[in-house]
Amino acid sequence: MTTLPPTSNPLRAGVLEDLSVDPCVLVIFGASGDLTGRKLLPGVYALAKNRMLPSAFGLVGFARRPMTDSELCAKMRGAVDKYARQKPVDDLVWDDLARGMRYVQGAFDDAAAYEKLRVTLDELDRQRGTRGGRTFYLAVPPDAVRTIVENLVRAGLCPPPGTGSAPYARVIVEKPFGVDLASAKQLNRDLLGLLDERQVFRIDHYLGKETVQNLLVLRFGNTIFEPIWNRNHVSHVELTVAEHIGMEGRGKFYEQTGLMRDIVQNHALQLLSLVAMEAPVAWDADAVRDEKVKALRALRPIRTAEEVQRHAVRGQYDGGVVRGDAVPGYREEPDVAKDSSVETYVAIAARVDNWRWADVPFYLRAGKRLGKRVTEIALHFKPLPHPLFDTSAMSLRQPNSLVLRIQPDEGIALRFASKVPGQGVAMRDVAMDFRYGTAFGHESPEAYERLLLDAMRGDATLFTRHDEVEAQWAFVDPISGAWREDRVPLARYPAGGWGPAEGDALMQGDHRWSKP
Amino acid sequence: MNTPVSDALGRIERELRALWQPDETGNTKPHATTLNLVALHGQDGCAFLETLEDVAARLGARTFVVNVDGRLEPWALEGDVSAVCRLEPGSLREAVCAERVTLRFGSMVGKRAASILDSLVESSLPTVVFAGPGAPASVLDALAGAAGALVIDSAELGVTRAAELAQRQSAQVHDLAFIRTRRWREMLARVFDEPALAPALGRVRGLRVLHAERTEHRGASAEAELLVAWLGARLGWTPGLSDAAGQAVEVSIESQARSGVIPGCMLSVALTAELPAGRLSARVERDADGEHLSWTVESPHAPTQVRRFATPRRDDAELVERAIRSFQADQLLRETLAFARSWKAHA
């Protein structure tokens with residue numbers, strides 16, 4: 001039965017604003033996987049708990065493993081009990097979610113399974129009033145993406161916008177999006193041959209973090225930062241994505257991936273693009289992403305082996321001590337080759353070649369088994385032109401920096417020099433500190449909550465577009481290529497430290513990595 | 001010469017300033033203030049104060065708890081200043097603290113409430129006035145005039161007074177009673193998502209709203225009245241309750257004693273309308289468990305549809321928090337209250 005789009009019903013005006021999402025069914029491919037239990041279902045539950053989902057909502061799990069609807073519900077309840085942000089789980093909210101939960105068993109390439117899916121979705125439309133809204137979440141390996149989308153399209157479940165009877169059908173694709181530039185381009189060609197770009201939501205969960213979104217508000221929602229956000233005032237930019245954990249059972253995955261593809265190609269470059277981008281002409285998905293792509297394309301290529309050696313460092317951790325515990329080196333981790341040359345640390349001195357950022361180094365470092373888990377961006381401002389006071393301490397010669405903490409303790413700190421109370425003019429650097437948790441008095445939603453909600457609302461601002469993904473690969477591919485051919489040595493660092501000495505040597509002049 | 005009011009105000013200001021001074025060990029309490037929350041209530045505000053406690057903790061607000069106390073001298077002003085701290089989960093460590101100022105006005109001082117509060121609020125932050133049960137009208141009017149947002153509850157003030165406030169104040173008005181009807185409005189809206197049933201929107205013939213009994217209170221049927229007014233405003237009814245074609249709409253609001261449901265809360269809505277092929281009948285009803293709504297639609301176009309949905313437990317603190325956080329004017333509420341005002345005047 002066809003249904004009216006919500007906006008043509010005068011009683012819908014204002015009512016849906018609160019609920020945020022039009023009626024819909026969320027279909028998760030790979031429903032028996034780890035991501036579904038750890039992130040997606042807890043995210044859906046949190047949205048339901050916080051009344052961000054419409055009452056007309058359904059959830060369908062699709063996977064190869066045989067399972068009944070009630071087995072799926074029980075499994076998901078277990079996961080939500082374990083991983084939910086707000087505990088204990090509210091039975092009333094959960095029971096309502098569970099009533100709209102279905103399972104479809106099938107292989108990703110089995111056309112009959114998609115017919116079963118279609119029947120299940122129609123049934124949910126009738127039972128839950130979901131009115132044909134569909135969001136497909138592909139929590140599957142990259143090589144399964146094309147097959148699933150082909151079958152969805154063939155089964156008539158993913159009509160392009162403006163055609164067919166469904167109000168909308170969207171597809172969320174998990175990273176990694178390709179393994180290099182060529183494969184990413186191929187995947188984009190495949191997807192965009194079947195879907196409209198407006199239907200494709202490439203997820204990078206870093207963009208769902210509150211501080212990452214606030215970076216845009218900080219820059220473009222205030223007047224005081226933008227005038228100094230350029231080469232005239234900024235000396236250099238530091239971007240750190242550090243984890244203290246090692247492989248945690250992901251040795252096999254890491255041997256194939258390495259840190260460049262796991263973190264730098266996506267998270268780190270996304271953060272860089274948000275720092276470096278120009279103001280978008282409007283707050284909409286395409287305007288924001290247009291500017292991010294321009295910033296990514298302005299990255300100075302690091303192509304030759306000599307350039308790679310000069311501007312990039314790869315490292316791998318040895319055994320060491322992390323948070324008081326002795327930990328093994330990367331090569332001692334399970335499923336890791338004893339002579340592995342896979343990088344667990346990357347540092348890059350990048351340049352953004354445009355008018356705003358000419359000559360300003362962007363230092364990126366990311367690594368496993370570093371001193372602590374921290375992601376932050378630090379803008380260091382230029383030193384004083386002429387010191388009036390005693391600035392013998394390094395920090396006082398260059399006293400100002402703005403630190404944006406992405407995780408943990410999301411917040412912003414502005415460092416500046418202050419007079420120490422008392423006689424004379426002694427100076428000390430102090431910080432004005434803003435913390436999300438304290439200022440707003442409640443926990444920020446998990447990144448997946450925000451991104452699921454945005455995808456269901458059709459807002460792609462926090463998702464990466466095909467040209468962004470390709471620009472990211474275009475920057476990292478030549479560096480990875482030089483490393484793969486072993487034309488650049490692999491530096492070593494002890495677990496628990498802040499990376500190899502070679503990483504420090506990347507910094508020019510008196511620039512130093514700050515200790516987060 | 002200082003008056004008792006300015007003396008008391010001076011002391012409160014000093015205490016506020018001293019609140020975040022380092023203690024004898026040099027430590028200061030971690031504190032954050034994101035807005036000024038002025039809560040005005042009458043004498044019997046226990047439940048209201050509990051809600052306020054919750055809201056203030058969630059928002060990190062500089063909170064003023066204000067009432068007019070008839071037992072005080074007319075020109076007396078009493079006040080206490082304290083820090084209210086949230087503890088880090090699972091520990092006794094203070095995560096963050098905010099200021100709490102309790103103000104008790106003598107009957108004459110109440111008239112100067114706006115001026116007193118003006119000296120005490122953090123002027124760089126937005127001010128929200130939250131009107132509780134028994135909030136004195138003149139003080140509420142004075143404070144609302146200086147606020148950026150006003151949170152009221154028609155179930156306490158009555159719909160007529162709420163409409164009056166919404167019309168007069170430039171502040172963004174949020175009505176908790178209206179927010180509580182959201183799920184009911186959504187349930188009614190979904191009846192007409194079906195294209196075959198949409199023409200019935202212009203031919204509603206009857207609306208019967210039942211709410212839990214609440215004796216002798218001006219806001220007893222506020223939620224029910226707001227639901228009617230919302231439909232009337234959305235569908236272009238006249239204040240005399242006729243549709244656009246001049247056909248009368250039979251509206252009834254009744255109450256029923258029901259245990260386990262908060263007095264005044266909605267129990268059911270039944271709507272009838274005409275379709276070319278016959279009659280449409282839609283009913284939304286609170287189940288006996290109080291936690292689910294049943295939605296039933298009968299029409300000539302499809303077999304009877306019955307669905308059941310969970311309805312969240314009432315949590316006033318959460319409603320207030322959501323209203324304050326929205327920082328947006330609720331145009332739908334203004335339209336609804338405007339309709340309610342003319343409808344009630346007509347009646």
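If you're wondering where the values come from, they're calculated on a predicted model, not measured in any experiment. Every heavy atom of this structure was used, including side-chain atoms; hydrogens, water molecules and symmetry mates were not. In what follows, chains are A, B, ... by sequence order, proteins preceding strands, each numbered from 1.
Nearest heavy atoms, B/Arg190 versus A/Gly129: NH1-CA, 4.4 Å.
Between B/His292 and A/Leu92 there is a side-chain heavy-atom pair separated by less than 4.5 Å.
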With side-chain contact (heavy atoms from CB on, under 4.5 Å) as the test, would you mind laying out the steps for A/Leu11 and B/Val191 before giving the verdict? CA-CA 10 Å; A/Leu11 300 187; B/Val191 174; over 6 Å; no
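Contact annotation for A/Arg126: only backbone heavy atoms (N, CA, C, O) come within less than 4.5 Å of a heavy atom of chain B. Contact annotation for B/Leu235: only side-chain heavy atoms (C-beta onward) come within less than 4.5 Å of a heavy atom of chain A.
With hydrogens and angles disregarded, a donor-acceptor distance shorter than 3.5 Å links the side chain of A/Asn9 to the backbone of B/Ala189.
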